[in-house]
Q: 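Quick one: structure below, then a few questions.
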Amino acid sequence: MPFQNVSIAGLAHVDAPHTLTSKEINERLQPTLDRLGIRADMLGDVAGIHARRLWDQGTQASDAATLAGRKALEDAGVGADRIGLLVNTSVSRDYLEPSTASIVSGNLGIGEDCVTFDIANACLAFINGMDVAARMIERGDIDYALIVDGESSNLVYEKTLERMSAPDVTAQQLRDEFAALTTGSGAAAMVLARAELVPDAPRYKGGVTRAANQWNKLCVGNLDRMVTDTRLLLIEGIKLATKTFEATRIALGWAVDEIDQFVIHQVSQPHTNAFIKAFGIDPKKVMTIFGEHGNVGPASVPIVLSKLRQLGKLKKGDRVALMGIGSGLNCTMAEVVW
């Protein structure tokens, strides 16, 4: 669905305060690596991830999302009482119930007439949240929406390193849980608004989604463990992305050379290289943060968009592609005109 009346009124990100380097992880796993005869630096040399961020102990997903949400509201200059929809999109969550969105809403003092819920769709959920909010704004149901995401990898690191340090862990088990050690912590939030309320703000034009749900077991995780077939996930993910790109090219009139910035979901160096090669993208148009932040799940796309703005790399009229793949498999590609 192409949107005519939706703009980005506010945008913010929060970097988690503590750094955990891949060198520190390798040192902790050295007895296991030596016993299994693994000499390659899988995290740094293979995945291209040299560090990732962690929160203070005890920080909940809702705490992180609240921090980002408050910053986005301030950036938009909009009071919490103006928000008609609040969507939380994080993989991390405080509880199975209530929704993390309801906790963030309470923290921010959102009004009682605001629609509040979580959207869960692995690493694609933030863009899904933007789409749901944009549809409500386009129909005139609401004036403002707040999409938030707070990701915490603290628990998965603690438990994964504990399992991988066991004296009987196998090479296959290490490979299966390798991707868990590439995740990172962070938060992001965005305020979408009816365009006439923020006439000079960047416009959200909409996007296209495609699915290959027969591949729903390639990455399976819970809060403390993730098992991933990284090789097949990359292969099938790029196949799905190729189909999605072609559909988006038709729907939004995309030509690679006419897109000014490609905001790609931050997974790893091989994933980014495969994206760039598949679509003939100029690497200079792809800002990467995975090297120092890891894979921050659905927060990674809005974090990169926020950092591009912070660094002054977005100018009026720039066409920005948002591109994400979520385990399942699902893929969405969307466009923002700055």
Q: What is the minimum heavy-atom distance between G10 and D75, and which atoms define it?
A: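 G10 and D75 have their closest heavy atoms at CA-OD2, 3.3 Å.
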Q: For N330, run the side chain to side chain donor-acceptor pair (under 3.5 Å) check against N128, N216, N213 and tell me which one passes.
A: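 Single side chain to side chain donor-acceptor pair (under 3.5 Å) partner of N330 among N128, N216, N213: N213.
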Q: Hey, any chance L43 and V169 share a hydrophobic cluster, counting ILVMFWY side chains that come within less than 4.5 Å of each other, even indirectly?
A: yes
Q: Could you tell me whether the side chains of Q172 and D176 share a donor-acceptor contact shorter than 3.5 Å?
A: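 D176 and Q172 do have a side-chain donor-acceptor pair below 3.5 Å.
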Q: How are the rings of H271 and H265 set relative to one another: parallel (under 30°), tilted (30 to 60°) or perpendicular (over 60°)?
A: perpendicular
Q: Determine, for D318 against K315, whether the closest basic-nitrogen to carboxylate-oxygen distance falls under 4.0 angstrom.
A: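 Here D318 pairs with K315 in a salt bridge, since their nearest N and O are under 4.0 Å apart.
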Q: Does a side-chain N-to-carboxylate-O contact under 4.0 Å join R194 and D143?
A: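 The answer is yes: the pair qualifies as a salt bridge.
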Q: Among S62, S152, S102, S99, which residue satisfies the side chain to side chain donor-acceptor pair (under 3.5 Å) criterion with D94?
A: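 Single side chain to side chain donor-acceptor pair (under 3.5 Å) partner of D94 among S62, S152, S102, S99: S62.
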Q: Does either side chain, that of E158 or that of N154, offer a donor lying less than 3.5 Å from an acceptor on the other one?
A: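 Short answer, no.
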Q: Counting only heavy atoms not in K284, do more than 12 fall under 6.0 Å of its NZ?
A: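 No, because the 6.0 Å sphere around NZ of K284 holds 12 heavy atoms or fewer from other groups.
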Q: Return yes when atom CZ of R231 has more than 12 non-hydrogen atoms of other residues, nucleotides or ligands closer than 6.0 Å, and no otherwise.
A: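 Counting neighbours around CZ of R231, 12 or fewer heavy atoms of other residues, nucleotides or ligands fall under 6.0 Å, so no.
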Q: Checking side chain to side chain donor-acceptor pair (under 3.5 Å) for the pair D149/N88: CA distance, chi angles, key distance, verdict?
A: CA-CA 6 Å; D149 193 292; N88 174 72; over 6 Å; no
